[in-house]
Colleague: 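Sharing a structure, written as structure tokens. Questions coming.
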Amino acid sequence: MILTKHACCALAHHYTASRRGGKSLMAVALLGVIAVSANAQDDLPITISGFGTGAITKTNTDQAEFARINQVSGSRKDFRTSVDSDFGVQATAKYSDSLSFTGQGLVLKRGEHDAYTGKLAWAFGKYKINDDFSVRLGRIAAPIYMISDVRNVGYANAMLRPPTEVYAQVPMDSIDGGDILYQHSFGENTLSAQLAAGTTKSTSAGTAATTSIGTVAAQVTLENGPFTYRLARSQANVSIHSRQLDQLVGAVKAAGLGVSEQLDLIDFKGTFTAAGVIMDNNNIIAQGEYAVRKTDSRLVPDTTSWYLMLGYRVGKFVPYYLHGDVKQDSIRSFTSLPTAGPLAGLSAGINGAIKTGEQSNNSIGVRWDFYKSAAFKAQIDRLSPRNGNGTLINVKPGYNGRDVTVYAAAIDFVF
Amino acid sequence: MKTTIGKLLLVAGLCAATTPLFATEIVVIVNPKNPATRMFSEQAGQFFLGKSAMFTPIEHTDGTLRSEFYKKVLDKDAPQVKSIWAKLVFTGKASAPKEYASSAEVKKAVAADLSAIGYIEKSQVDDTVKVILTVQ
């Protein structure tokens, strides 16, 4: 019943989607059609599963908007569904015991346009070499964060959304290429490792496209009883295609301001190194990540971000507390630039472009497993931006950097 | 009269001894051709949480037997297990176990697959499957 209702919501969103997303939406719809026909014939080695979140989000201000990464608009004082809602369908076809194909279609509000768009989140062929090793080719989830590949699956997480501070640092969702997966159990331990390589592309608000060629991402995970430990590093040669930034850097070069060699836009190196822990012991749940972003271009500032979530399971309820923080490690302004005279405007422009949002966040929330494959969540965030607007977007001149409260409620489901 | 009541009580007592009234005895089963002979509770549990792909878990649909198995072997409740599988499925790492509505069907599925592992009531065991663990 609930599923049907949400499927309808998702369908309604299909119609409001932009023309640009039409093709991908068709792919998602097609997956849905496969889903129906596969369900009809139980013997086919195709399994269909899906997930979704229907959510409403609002804040206590109209002077700035709360959004997730790559969203053009966010939430203000009125309730919006677009920040935290999504819908995904996944199909896996098993060709033999060792060969399978998986595709996942995802509808959410991300990217350069302020509309729900469908995309092929991933599509890969997986070959199981033996009990320990597998290889995958195609489009795979970029293993950048600890919950990279389930960050859109609300049901698989306690929190209503992935912590904003850490999960806004790298906009890449998937890698076109492949990976090698290793998994081995010994005693009570399970060791997993993944090495992925390929190219990735991300289109964000303000028509800036980011391309990373030669992306290499590696992660090692150790599960020991109630504990999961993870170490990961991603590295890429990044290129940013943005007319605005091109013009800005061009003007700096033309004016001979002497900092242009620190303002690479094409083929500069970027790394993201992260450590994480998950604990699920009896009724106590804890999850934390610490991440460092470093690049060779000041236009993508270096950052340190982290969060810690603590929860306590009481029957079907998990109340939790979350603290997150992001700070900039690289310089927030070039002191050598003229602050007066005809070039002052250009200086201000470039000094604005090398800053990133700094903030901390305190959240409380609760997950309630009210139905066998659906959960209700409510979360209140208190964002405290530092030295500016933090991760808030579309900020109006009247906003003075004060704390913003975000209210959200969601129903997550899987099928 | 007295003897009849005595006999009844005796029969009732015997019944209680062999089949406890309040808990079903659960056994973990594999294919008879599977070389495994015994297994610890933790070992069996990891297959039903997707931590190892060496054996293929065969699941029951939602019900009391499944809840009891989750509680006794996995020390988790149904939403927790569902959430763990959601993580595995949507990362493309594993497919959720096939679910069957009765122990007879689970038994049939285990008997048909060399690498399968399942669980049923002890009273349902026959020689089409091999018991490798009795859940305490």
Side-chain angles (χ1 to χ4, degrees), chain A residues 42 45 47 49-51 88 90 92 94 97 100 102-104 121-122 124 126 128 131-132 134 136 140-141 143 147-150 152-158 181 183-185 187-190 192 194 223 225-226 280 282 285 313 315-316 318 367-375 412-414, chain B residues 35-36 39-64 66-67 70-71 73-101 105 108-109 112-117:
Chain A
D42 205 34
T47 45
S49 28
F51 58 86
Q90 181 172 307
T92 295
K94 214 170 166 183
D97 275 345
S100 63
T102 300
Q104 187 186 99
W122 53 71
F124 58 80
K126 180 178 177 182
K128 188 175 162 188
D131 280 344
D132 290 342
S134 304
R136 299 190 297 176
I140 56 169
I147 54 164
S148 269
D149 28 17
V150 283
N152 297 314
V153 188
Y155 189 84
N157 297 294
L181 296 165
Q183 185 175 19
H184 190 78
S185 295
E188 268 199 37
N189 303 289
T190 303
S192 329
Q194 178 180 8
E223 281 175 72
D280 191 339
N282 297 321
I285 304 167
R313 191 177 287 114
K316 290 189 180 309
V318 183
R367 172 186 172 132
W368 171 34
D369 281 284
F370 69 97
Y371 186 71
K372 58 184 174 181
S373 50
D412 300 313
F413 57 91
V414 290
Chain B
M39 206 176 262
F40 293 114
S41 191
E42 296 79 27
Q43 287 174 302
Q46 65 182 357
F47 302 114
F48 291 90
L49 292 173
K51 285 186 180 178
S52 172
M54 224 158 76
F55 288 22
T56 311
I58 306 291
E59 263 295 3
H60 289 260
T61 45
D62 209 10
T64 47
R66 193 168 85 170
S67 303
Y70 285 177
K71 212 170 96 191
V73 176
L74 310 179
D75 192 24
K76 296 196 185 314
D77 52 29
Q80 278 177 275
V81 177
K82 188 111 192 169
S83 178
I84 287 168
W85 276 105
K87 232 176 236 185
L88 290 166
V89 168
F90 297 117
T91 52
K93 281 182 186 142
S95 328
K98 268 203 168 158
E99 293 181 2
Y100 293 93
E105 286 174 85
K108 211 172 131 192
D113 183 353
L114 258 177
S115 65
I117 184 166

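Within every chain, numbering begins at 1; the chains are lettered A, B, ... in the order of the sequence lines, protein sequences first and strands thereafter.
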Colleague: Could you look at Q43(B) and say if it's the side chain, the backbone, both or neither that has a heavy atom under 4.5 Å from chain A?
Modeller: neither
Colleague: Mark yes when over 12 heavy atoms from residues, nucleotides or ligands other than K76(B) sit less than 6.0 Å from its NZ; otherwise mark no.
Modeller: yes
Colleague: Could you report the tightest heavy-atom contact between V150(A) and A86(B), atom names first, then the distance?
Modeller: CG1-O, 4.3 Å
Colleague: Given heavy-atom pairs under 4.5 angstrom as the criterion, report whether the side chain, backbone, both or neither of T190(A) touches chain B.
Modeller: side chain
Colleague: Between Q183(A) and G50(B), what is the shortest heavy-atom contact and its length?
Modeller: NE2-O, 4.4 Å
Colleague: Is there side-chain contact between K82(B) and D369(A), with at least one heavy-atom pair below 4.5 Å?
Modeller: no
Colleague: Where is the tightest heavy-atom contact between G315(A) and D77(B), given as atom of each residue plus distance?
Modeller: O-OD2, 4.1 Å
Colleague: I need the K87(B) NZ to N157(A) CG distance, nearest 0.5 Å.
Modeller: 6.0 Å
Colleague: Taking all non-hydrogen atoms of both residues, which atom of K316(A) and which atom of P79(B) are closest, and how far apart?
Modeller: NZ-CG, 4.5 Å
Colleague: Tell me, please, which residues at least two apart from D412(A) pass salt bridge (Lys or Arg N to Asp or Glu O under 4.0 Å).
Modeller: K377(A)
Colleague: Look up atom CG in L181(A) and atom OG1 in T91(B), then write down how far apart they are to the nearest 0.5 Å.
Modeller: 9.5 Å
Colleague: For K51(B) and S185(A), which heavy atoms make the closest approach, and how far apart are they?
Modeller: O-OG, 3.4 Å
Colleague: Any non-hydrogen side-chain atom of F90(B) less than 4.5 Å from a side-chain atom of V414(A)?
Modeller: yes
Colleague: With a 4.5 angstrom heavy-atom cut-off, could you sort out which part of K126(A) is near chain B: side chain, backbone, both or neither?
Modeller: side chain
